[in-house]
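Here the structure comes first, spelled out in structure tokens, and everything after it is commentary.
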Amino acid sequence: MVSVPLSDLIPDYIKRFEAYVPSKPDAELMKLYGCSRLFRLNNNENPLGPPPGAQEIIRRFPPMKASLYPSGDVYFVRNKLASRFSLDPDQFLFGNGANEVIAFVIKAFCQEGDNIITADRTFSVYEWVAEFSGFEARLVPIKDFAFDDEAMLKAIDGRTKIIFVCNPNNPTGTYWNTDKMVRFLDTVGGRQIVVIDEAYCEFVSKSDYPDGMKLMAEYPNVVVFRTFSKMYGLAGLRIGYLVGNPEVVDVIRRTCVVYSVNGVAQDAVMAAIDDDDHVARTRELVRTEKTYLASKLRALGLEVQAAEGCYVMVRLPMSDTLAYRKLMARGVMVRSMTGFRFPNWIRVSIGRHDAMKAFIEALSAILKNTARAPSGRVPS
Amino acid sequence: MNTLARKASLTLDTSSSLTSLVLDFAENSAKAFDMTDGDASRIRLAGEEVFGYLCNTAKAGSEVMIEALNNLYSIEIRFTFKTGSFDPYAFNLTAFVSPDEGQTENLGLLIASRAVDRFSIRYNHPHEVVLSLVKDKSYPQWPEDEGRAGVSLKDFVTKRPDDETVKRFVRQGARHYTERIFPAPFRVPPRMVDMVIQGDCHMLVACGTGIQGGEVGGGIIWRLVGKGMIEFYGPYIFDRTLGSNIAITLIDGFLSAIAKTDRSGAYASYTTDDLPAEYFESLGEIGYSLEDGCKQNRGFVYRQLKEDAGSHVWASRKLEPFLHNVYDRLFLPRQIVSTSFEGESRAPHSVLSVEFDRPHSSVTIRPVWDGEDYAENLAGHVQILRQEGLKNIFLDLDLGVPWQAKLIPALFDSGFKPVLLLPYAGQADVVVFQHVR
Ligand SMILES: Cc1ncc(COP(=O)(O)O)c(C=O)c1O
């Protein structure tokens, strides 16, 4: 057997990088944790599932169609979205989830020595893709749970190519209002690409929430991300996209992987896009259950960060990774937040009422037991 | 260019005619790396023992690579060779010695271990043995703390310290805490600076703001251990008024700094009363014997950094009560798979590796290869290590490795008992056994 001289083959930035290990399949986890049911409150999925029309399409998808390549550039969906948002179909680029389009943008604009700017406590994939591609990710500390515009502007230098703004932010739920966004874009002055990640925009009903797609007309350096994973309940089919000014998108197109969105996803999305009822129902569920959850958590004496989006954060008087294990043993899966640089916090996705109740019951029981247990302090 | 020399290496045949070349190499590189003459000659002595040992043991024509590494605060002489040219059995500390005769004086490797601060035999599977000798550098006496007794900050920020701040932090630490809490290797200010530059220690400190910018109100120290763990020390707090505020900010900052690394968890046994207990889980306690004969119990706190995806561990029945207890208490999802020897054939000789920590009178044994003589080999090790005066003998057992689990009954029979479980510290959880009789 030949030996592979891995250390000569691997770039330094890959040596430094740690692979992300996704969680095990539910069935495996349930076996290990010994629970007979599992409420998934860790991935911000839509508890109502896909819109009914999309469900029907998925159910009826002709099996023979699986042997055909799908539209390589998601032709019909682009056209449909273009008319919905009054843009040109060529302004849209699709990926296998919005996750994939993050890489398209970074590859299109960054070269050796360049950097990107984002926050230290936000969706991690911007940071990861930059780093495992060999570019510096400048992580600006958030302030009062929100992206700190002034500090981000200060972090810009001659090698900054892209600024990622998660609006509303996952996991804190904060957002920049139109005034703040416009001021920020004015100061950037078009010198960098500003990505506004609107993965959760459909959950926001505030009137001062900016619509990135409208800002693009005046600020051609704006690129907007959207996904069908959250509001449209199609996370399992992996479909998301970016929209931008035609000239900017023409550049990004060069690094875009075609044929990466499957046929079922494209058909399902066609049936989902216009289902405004589904959006309204989801919003109503999220609003009601978020209010319930936040009030129950506050009643337990816990600090809660509940703003926009389909999730809330809560600070526990115990290690979040321990709480994760204890909640799993009771059949509730949440996101522990040490990995988001929020030690002792967990993020809970909004689910149906039975899931919210189950979570509150499990957490209450755990906290009660913790309070009674002797403290873990070391005798010194 | 004004850069420090950090590394020298030599590759040669294991032939005694080259001995003086090896000794001059070891001694002169130690001097070039800033060791005192006394320390350099101790390294020469240790090098002589190891090389002499290799020449006796190796097959004709085999090669060894010797590296001298300047770690700033210590020097390491590292011998690396392929096991193909050696019988790995020879690297048992007990090889060629019958413990009954108590002939430890004849043991070149033991003598080498006495001349240095840390000594280890490691096996890089499948074919490489690394013998490592580490000698700490001596630092000139530093002026005793001339700082004021207490610190009282109006406000603070946490940051990675520059060299001067490291020294200030160390002076304060040594002043406020005994060695039990702020351990000896951290009490020498310039040494700590070198450890941080070398990347062997990481620190976060809380400093004053504005006019108080030079004042240090507290700090926390950490270092990487093995493949998946971090050991931390602190939080050390010098400002009693802002105390718990500083402690929590330091812990948050520390955890955020290590959260996205490849490490699965962090543990500590050098902690202070300011440690916010709610961030941690208690792993248990180990009783140590000190040089002066006193006993000391140390508690270990732990915190997992990632969501536990569960795993299976190998064990034998005898260890199961201990494991069930720990796993239930810590809510660790584990499938315990029992295993034992059932008459399958085994290699004749086992191999154990050892890692000496002389300043703590402590040694850690690790199983490297299984063999028929495992129980005797282990007993021989224990006897020699006891004769050598080592007061704390540990054995790390990796529950991710099935053949190691089969050794468990013999461990109990030789007077070891499980004292601590470190989650994911090896291929799976590692159980620390301690020799108790
Ligand atoms: C802020 C944000 N952006 C992008 C994504 C990626 O979504 P997807 O790849 O499922 O389209 C997520 C998913 O969690 C997210 O939270």
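Per chain, numbering begins at 1; letters A, B, ... match sequence-line order.
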Requested in this report: For chain A, find its close neighbours in residues 325-335 of chain B: heavy-atom separation under 4.5 Å, sorted by number, or none.
Outcome: B:Leu330, B:Phe331, B:Leu332, B:Pro333, B:Gln335
Requested in this report: Heavy atoms only: give me the nearest A:Thr338-B:Ala259 pair and the separation to one decimal.
Outcome: O-CB, 3.0 Å
Query raised in the report: Which value, rounded to the nearest 0.5 Å, describes the distance between A:Leu32 atom CG and B:Asp308 atom CG?
Result: 8.5 Å
Requested in this report: Step through the shown structure and confirm whether more than 12 heavy atoms of other residues, nucleotides or ligands are within 6.0 Å of NZ on A:Lys296.
Outcome: no
Query - Residues of residues 10-21 of chain A contacting chain B, heavy-atom criterion under 4.5 Å, by residue number - result: A:Glu18
Query raised in the report: Which atom names give the shortest non-hydrogen contact between B:Ser256 and A:Arg121, and what distance separates them?
Result: OG-NH2, 4.1 Å
Query raised in the report: Any chance CD of B:Glu320 has more than 12 other-residue heavy atoms, nucleotides or ligands included, within less than 6.0 Å?
Result: yes
Report summary line: Applying a strict 4.5 Å limit to non-hydrogen atoms, the region of B:Thr178 in contact with chain A is neither
Query - Contacts with chain B made by residues 317-329 of chain A (heavy-atom distance under 4.5 Å), listed by residue number - result: A:Pro317, A:Met318, A:Ser319, A:Asp320, A:Thr321, A:Leu322, A:Tyr324, A:Arg325, A:Lys326, A:Ala329
Query - Nearest atoms (heavy-atom pairs only) where B:Glu307 meets A:Ser336 - result: OE2-N, 2.7 Å
Query raised in the report: Between B:Lys260 and A:Ser124, is there a donor-acceptor pair closer than 3.5 Å when you use the side chain of the first and the backbone of the second?
Result: no
Report summary line: Among residues 132-145 of chain A, residues within the sub-4.5 Å heavy-atom range of chain B, in order of number, are none
